[in-house]
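First the proteins, then the strands, lettered A, B, ... as listed; each starts at 1.
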Protein chains: 2
Amino acid sequence: MQLRRRDVVDKAARLLDDYGIADLTMRRLARELGVSPGALYWHFADKQELLGAVADRILEPAVDGQSDAEWQGRIHAICRTLRNALLSTTDGAELVSATLATGKSTALATVLSRLTDAAAAAGVDADHAGLVARTIIHYVLGFTADEQSRIQWDAAGALPEEQSILNEDPTARFAFGLDLLVTGVAHVPGARRVSR
Amino acid sequence: MQLRRRDVVDKAARLLDDYGIADLTMRRLARELGVSPGALYWHFADKQELLGAVADRILEPAVDGQSDAEWQGRIHAICRTLRNALLSTTDGAELVSATLATGKSTALATVLSRLTDAAAAAGVDADHAGLVARTIIHYVLGFTADEQSRIQWDAAGALPEEQSILNEDPTARFAFGLDLLVTGVAHVPGARRVSR
DNA sequence: ACCTGAACACCGTTCAAGT
DNA sequence: ACCTGAACACCGTTCAAGT
């Protein structure tokens, strides 16, 4: 029976989670679906578009659920759910990072515009609000990609277990780094400061 | 005559600058050097090591020249020279980003340890100083990769020229984003504050 | 409309064998 | 010590032709 776009994304997401981003190839995906490689190009213009669709799938839990707290709380909520979504699948941060450059994920665009809104609510002028949003996204993607690569390195049996108790847990470290940015936004010069 | 490690890195750097990261392949590099692909594997363990050496080459101007200013000035100086180094060659930010994950560049390690020192000088405790350093590096790489991809998009003849005058110039935007982080470090709670 | 088959133009890496 | 030749096991993408 017919190949649907959904099924392709489903299988791609499974492949990613089971074998990692290096094994998420168009040919492997086609083989796994029992079709010829060319068949995928009826449903997707190219691999970038396919990866964009997978990114949208991963980011789904990060886009539903709006918060109406003050701007700091909104930034934290967005970034927490974003990180969780990235961690929920193998190489999630790396895949979404690759997608950020191509601009092929609508979910990522949604997250960016919400962060931009939060920055504007903090009193950052319109021109700089977008920059703040991208800076925050880069932080979340960078931190989580680091974290995820260490998880996979450790899973391959490297870590002595001791170092892990000396350091803070990743969630607290993530919040610490994010606070650097949020604090920066709160104190950045040139912004009309709106209390609360 | 014999192929030296230096010559391979030279040619790789040229290839990168002339044709971009997608065309920097082991086979292409070997062809350009007039050797067989296997020859490269006498001098480099794998492509990651080669890319690490190219990254070190690119980052050379960013590692010589120490500053002894206060910590804020040091962070700004490091990041300014780092961005300039990345911008000096095609896809510089993308190549160095890829290398950050593999840990195959000693130059990048040097930059990271200097940023860690600066964070420590700001009063950030030892555990968090490394995190601050990585956060800053992620910012510089993320910002510059964005900037560079736009430059290349524009060079391909897309931009209407108007939008570019409405926005601030990239160097000022870069400084703005960096100030977010520096300000955050200066105000982050829990650090023993050393004035000046 | 949707897919196959086959081709095109490539990859990174290994390794016996040569000099 | 340093390199070749050839192989191995792949890639993404296109497109005439089929149903």
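When the C1' atom is compared between dA17(D) and dC2(C), the two are found 13 Å apart, to the nearest whole Å. The separation of dA9(C) from dA9(D), taken at their P atoms, amounts to 24 Å, rounded to a whole angstrom.
Between His187(B) and His187(A), the distance from one ring center to the other falls under 6.0 angstrom. Taking the six-membered ring for Trp and the full ring otherwise, the centers of Tyr139(B) and Phe174(B) sit less than 6.0 Å from each other.
For Leu50(B) and dT13(C), the CG to C1' distance is 13 Å, given to the nearest whole Å.
Salt bridge annotation for Glu147(B)-Arg83(B): present, with a cationic side-chain nitrogen under 4.0 angstrom from a carboxylate oxygen. Residues Arg74(B) and Asp68(B) are not paired through a salt bridge, judged by the lack of any N-O separation under 4.0 Å between the basic side chain and the carboxylate. Checked for salt-bridge contact, Asp10(B) and Arg6(B) meet the test: a charged N lies under 4.0 Å from a carboxylate O. A salt bridge is absent between Asp56(B) and Lys104(B): the closest approach of a Lys/Arg side-chain nitrogen to an acidic carboxylate oxygen does not fall below 4.0 angstrom.
Contacts with DNA chain D (heavy atom under 4.0 Å) in residues 25-47 of chain B: Arg27(B), Val35(B), Ser36(B), Gly38(B), Ala39(B), Trp42(B), His43(B), listed by number.
Using a 3.5 Å distance cut-off with no hydrogens or angles, the side chains of Gln2(B) and Asp7(B) do not pair a donor with an acceptor.
Each side-chain hydrogen bond (donor to acceptor under 3.5 Å, both in side chains) pair with one or both residues in residues 36-53 of chain A, not counting sequence neighbours, appears once here: Arg5(A)-Glu49(A).
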* Tell me, what's DNA chain D's dot-bracket, Watson-Crick or G-U with both distances under 3.5 Å, | for other-strand, [ ] crossing? -> ||.|||||...|||||.||
